[in-house]
Undergrad: 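The structure under discussion is supplied below as structure tokens; questions concerning it will follow.
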Amino acid sequence: MTIFSKIIAGEIPSYKCAEDDRFYAFLDINPITKGHTLVVPKHEVDYFFDLSDEEMAAMMAFTKRVAAAIREAFPCRKVGMTVLGLEVNHAHIHLAPLQNEGDMDFWKEKKHFTPEEMADTAARILKAFR
Ligand code: AMP
């Protein structure tokens, strides 16, 4: 069971941003920006590009809704999307509100927010999720 499956199962806490029957979105615990969110399929697959065409299409449709919620909660030029997956072997998409290209730099020192700020960030995205 991956750490993300444990999060989905509620065995490990997370700052939930959105959910439906197939996908789950929550704040990255080491954010590159305020509002940095991960989108994961509840079905456990390691490599993003091993997802079936149907599952990837459904994940993209869900991700669009999460990106819209992030942009509504945290006005930005655009929401950026990245797939890495080198650390956690459970397919996921990184979403982050962008004001400039450097906001999507994963090598930069990560941001630090209090648990209250993280909870507020997630609540704002969840509230905007349609
Ligand atoms: P990568 O697999 O390279 O896309 O990176 C995995 C991402 O998951 C990193 O940005 C981590 O900060 C994030 N991450 C790892 N564990 C957790 C967790 N328990 N809750 C939230 N985010 C996590």
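We count ligands from 1, going down the list as the structure has it; atoms in each ligand are counted the same way. If you read the sequence from its start, that first residue is 1, and numbering goes on from there.
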Undergrad: Less than 4.0 Å is my threshold; does some heavy atom of Y15 fall inside it relative to ligand 1?
TA: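 No.
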Undergrad: Kindly work out whether a path of hydrophobic side-chain contacts (I/L/V/M/F/W/Y, heavy atoms less than 4.5 Å apart) joins L98 to F106.
TA: yes
Undergrad: Does ligand 1 come near enough to I12 that some N or O of the ligand is less than 3.5 Å from an N or O of the residue?
TA: no
Undergrad: Do the side chains of V79 and V83 join up, straight or via other hydrophobic residues, at under 4.5 Å, putting them in one cluster?
TA: yes
Undergrad: Which part of F26 is near ligand 1, with near meaning a heavy atom under 4.0 Å away: side chain, backbone, both or neither?
TA: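 The answer is the side chain of F26.
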Undergrad: Under a single-linkage definition using a 4.5 Å side-chain heavy-atom cutoff for Ile, Leu, Val, Met, Phe, Trp and Tyr, are F4 and F23 assigned to the same hydrophobic cluster?
TA: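 Result: no, two separate clusters.
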Undergrad: Starting from atom 13 (C) of ligand 1, which protein heavy atom do you reach first, and at what distance in Å?
TA: D28 OD2, 3.4 Å
Undergrad: Any nitrogen or oxygen of I3, side chain or backbone, less than 3.5 Å from one on ligand 1?
TA: no
Undergrad: Look only at the side chain of R130 and the backbone of K127, and say whether a donor-acceptor pair between them is shorter than 3.5 Å.
TA: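 At least one qualifying donor-acceptor pair exists.
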Undergrad: Report yes if some N/O of E87 lies less than 3.5 Å from some N/O of ligand 1; otherwise report no.
TA: yes
Undergrad: Is there a continuous path of hydrophobic side-chain contacts, each under 4.5 Å between heavy atoms, that joins Y24 to V88?
TA: yes
Undergrad: Among protein heavy atoms, which lies nearest atom 18 (C) of ligand 1, and at what distance?
TA: I7 CD1, 3.8 Å
Undergrad: Which residue owns the protein heavy atom closest to atom 4 (O) of ligand 1, what's the atom, and how far is it?
TA: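 The protein heavy atom lying closest is H92 NE2, 2.6 Å.
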Undergrad: Would you mind telling me if ligand 1 is within reach of the side chain of L38, the backbone, both or neither, using heavy atoms under 4.0 Å?
TA: side chain
Undergrad: Among protein heavy atoms, which sits nearest to atom 23 (C) of ligand 1, and what does the distance come to when rounded to 0.1 Å?
TA: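 Atom 23 (C) of ligand 1 sits closest to the protein heavy atom I29 CG2, 3.7 Å.
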Undergrad: Checking the N or O distance criterion of under 3.5 Å, is ligand 1 in contact with F4?
TA: no
